[in-house]
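Data block below; observations after.
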Amino acid sequence: MANLNIDSVKTRTFDAIVIGSGASGGWAAKEFTEKGLKTLVLERGRDVVHVKDYPTTNLYPYELEHRGETTYADKQANPIANRCYAYKEDTRHFFVKDEEHPYIQEKDFDWIRGYQVGGKSLLWARQTQRWSAYDFEGPARDGFAVDWPIRYQDIDPWYSYVERFVGIAGNKDGLYTLPDGDFLPGYPLNAAEDYFRQSVNKNFQGRHVISARCAHLSEPQPIHIEQGRVKCQHRILCQRGCPFGGYFSSNASTIPWAQKTGNLTLRPHSVVHSILYDKETGKATGVKVIDTESLEELDFFANVIFVNASALNTNLVLLNSKSDRFPEGLGNDNGLLGKYIAFHNYTARISAEYDGLLEYRTDGRNPAGGGYIPNFRNVDRQETDFLRGWAAAFGASRSQIRDTNGVGDALKNALLDDSKWSNWRIHSHMMAETIPKEDNRVWLNADKTDKWGVPLLHISIDYAEDDWQRRKDYYEQMTAMYEAAGFTNIRTQDDGRRPGNDIHEMGGVRMGHDPKTSLLNKWNQLHLCNNVYVTDGACMTSTATQNPTLTYMALTARAVDHAVKSLKNGDL
Amino acid sequence: MKVDVINRRTALRRLLYIAGGTLLLPACYRQSGKATIEMTHLVIDEEQENLLAELVETIIPSSDTPGGKELLLHLFVLKMVDDCHSPEDQEAFTAGLSTFSTYSRELMGQDFIKLEVDKRIAFLESLKEIENEEVKRFYGITRRRTIQGFTNSKYVMTDLKKYELVPGRYNGYFKMT
């Protein structure tokens, strides 16, 4: 009997444990296993095997029962998921349904989740921009949050390292506000987007319109072919899962790569309840897991633990990791765990028309989506009465015009008529930085738990006055830029989305120099329990304006490198 | 039991249109009085279904290419209303469908189904001005879903226009001729 127990513990002991298999967890898995560590990846949802588990990927529009629409019953049952732009009939199986994992909204908050192997990396918008030196220096210069314990130079080589493996399409634009990376060829702007780029260049100093940078294989390199991925085929059906591996996901890239090393144990259906802490050694020893199929409680052990459960769930796991030493959650002596959560303000859009360059239209589809306007506000110095700034997505398209007013032959002919095209329709949406605030926070409910005995999460996160100042500036500046380009019919629109719907929740376990004011050090280790690393969105000290996933992946690769070196020289 | 006799070619063609769709399996052996497809919310009888078939055929008639009826757009309309519309919409749809013929008799002196094509079109055009909310809503929903069903039908997307699942290209400066 004793031997059996020892064997059982042995089979549940690994060199490293990674909680979560999304973009950052997948990277932790790849890095650890490549460096020879036996690694356990815990995923709370089911397995999704690349291609095999993409049931809708090759369906034509008419093969979808409701032509892509979700049903009324679905909308009633899942109002949160249905508010996500990507939640449709062909993708809904990759999203968490509202009832599956309830949370308590102190204020309106859309928590969009993907519980499966690959997490939200299957569903992301694939926009990938580096942060700049200015973004890392922001909090210190402007006096908010705490100073980032790293600078651009610290992450620069890791951005390159990740970019080469992921495959990022982009141009070398030479902008210090948005550093260039190790790019595959960018996707060119179309005629109207390119015209706008030139107009902005001519009329607005320091403002730029560039090709959006995205995680698509525009020209696969040997490293991508080796992953089994090929050139992006411009389907733009990405959220169904891509049979070509044309965009980066854990499923297409890092997870199978880690599997090939023979060092990966992937365990789906494993909800992490908490991290186990040993006060004698001052280290975490492993994690407590609930198997969602057997409802069995199991402990797994390792020398180092990476928490990549997605920002808010990472907060939840740490808050729930209570011990005599840490009654308020692992590493939480300062009481800041779960606080200073921030996100991106996506509430603004601006549309217009352009009646020039009508000799052109587009043909095929652009996986990058069009153009990108890097933040130009308050870059070199504070110049407005709000802090920080905003970036913007920008695109132009033409569609066929059809008069659908008639009935009978007239209508039928109109619907089949491909000869008339609209003016260029110009569109943009805002991606604004938000300032982390202490009262934007999450905490655990004292009594209520989910069906696995994990406490429910309270979420209290809201916009603040300065978010509307940034938005006003976006409306004003974009209007001026549109007007200068001769665009007409300019319309601004508050799209009314709730916080969380941007799906860029960040913070709660922020990095910083000082254990009194932050949870993680410059290597993403908990100050107070250094064999636990957090490298997903939860670690973010501030948000900048960039889509954050590339930064999580780079921080993860950097942190694994540090962890493995530390293990080798006995520091962990 | 009543058996709808349709010719073999039509039957085959119908089956082909819906083969990819998995959704609409028209029963060739129809139990008298009932609608062709299973519905959860709507209660539609055979006569109403036939009226709807004539209506979608009027909205998108067959010519040298199939029309609404042959493409089974009436069943598509029913499917969408049954699954994707609110109870209020469904109520208005059913009520509007019921009063549709009454309206036709009042305005045109005859059931819609018995009208000549040009009279049917004239009647539909006149619906823009009517005050009966239910008929208006019924017709609005039917029209919208018929157009959607037509442009997204396999027939239109493969035979008349080419929907490209895998374009493999992007040209932002495509010169128009």
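Chain letters run A, B, ... following the sequence lines, proteins first, then strands; residues in each count from 1. These numbers come from the heavy atoms of this one structure, side chains and all, not from hydrogens, waters or symmetry mates.
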Heavy-atom distance under 4.5 Å between the side chains of [X] and [Y], does that happen here?
X: A:Gln233; Y: B:Arg169; value: no
X: A:Pro61; Y: B:Met157; value: yes
X: B:Asp89; Y: A:Tyr72; value: no
X: B:Val156; Y: A:Leu415; value: no
X: A:His66; Y: B:Lys79; value: yes
X: B:Met176; Y: A:Trp421; value: yes

Sort [X] into side chain, backbone, both or neither according to what part of it lies under 4.5 angstrom from a heavy atom of chain A.
X: B:Leu160; result: side chain
X: B:Leu124; result: side chain
X: B:Thr158; result: side chain
X: B:Ser86; result: both
X: B:Arg144; result: neither
X: B:Arg143; result: side chain
X: B:Ser153; result: backbone

Would you say that more than 12 heavy atoms from the other residues, nucleotides or ligands in this model lie under 6.0 Å from the [atom1] of [X], or not?
X: B:Glu91; atom1: CD; answer: no
X: A:Lys231; atom1: NZ; answer: no
X: B:Glu106; atom1: CD; answer: yes
X: B:Lys119; atom1: NZ; answer: no
X: A:Lys202; atom1: NZ; answer: no

Straight-line distance of [X] [atom1] to [Y] [atom2], nearest 0.5 Å:
X: B:Thr151; Y: A:Arg67; atom1: OG1; atom2: CZ; result: 9.5 Å
X: A:Gln400; Y: B:Lys161; atom1: CD; atom2: NZ; result: 5.5 Å
X: B:Tyr155; Y: A:Tyr62; atom1: OH; atom2: OH; result: 13.5 Å

Parallel, tilted or perpendicular: ring planes of B:Tyr170 versus A:His234, cut at 30 and 60 degrees: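 Aromatic pair B:Tyr170/A:His234 classed parallel.
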The test is side chain to side chain contact (heavy atoms under 4.5 Å, CB included); show your working for B:Arg120 and A:Val407 and say whether it passes. CA-CA 10 Å; B:Arg120 286 184 181 187; A:Val407 273; over 6 Å; no
With respect to chain B, which residue among A:Pro367, A:Ala191, A:Ala73 yields the maximal number of heavy-atom pairs within a distance under 4.5 Å?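 Heavy-atom pair counts peak at A:Ala191.
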At a heavy-atom distance under 4.5 Å, which candidate from A:Asp363, A:Asn405, A:Thr404, A:Thr362 has the highest pair count against chain B?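 Most pairs with chain B among the choices: A:Asp363.
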Please classify the contact between [X] and chain B as side chain, backbone, both or neither, with a heavy-atom cut-off of under 4.5 Å.
X: A:Leu237; answer: side chain
X: A:Ser397; answer: neither
X: A:Leu411; answer: side chain
X: A:Tyr187; answer: neither
X: A:Asn58; answer: both
X: A:Leu357; answer: neither

Evaluate B:Tyr173 against A:Asp194 for side-chain hydrogen bond (donor to acceptor under 3.5 Å, both in side chains), listing each step before the verdict. CA-CA 10 Å; B:Tyr173 277 89; A:Asp194 204 23; 2.8 Å; yes
Please find the pair of heavy atoms, one from A:Gly364 and one from B:Pro167, that lie closest to each other, and give the distance. CA-CB, 4.4 Å
All heavy atoms of B:Cys84 vs all of A:Thr71, minimum pair found to be SG-CA, 4.0 Å
Lys NZ or Arg CZ of B:Lys175 over A:Tyr360 ring: under 6.0 Å, within 45°: yes
Does B:Glu164 form a salt bridge (Lys or Arg N to Asp or Glu O under 4.0 Å) with A:Arg235? I'd like the steps, not just the answer. CA-CA 8 Å; B:Glu164 293 177 300; A:Arg235 290 163 25 113; over 6 Å; no
So does A:Lys412 pair up with B:Glu57, basic N to acidic O under 4.0 Å? no
Using a strict 4.0 Å threshold on nitrogen-to-oxygen distance, state whether A:Glu63 and B:Lys154 make a salt bridge.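 Salt bridge flag = no for B:Lys154 with A:Glu63.
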Top residue by heavy-atom pair count (under 4.5 Å) with chain A, among B:Asp82, B:Ile60, B:Ile59?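 Of the options given, most contacts go to B:Ile59.
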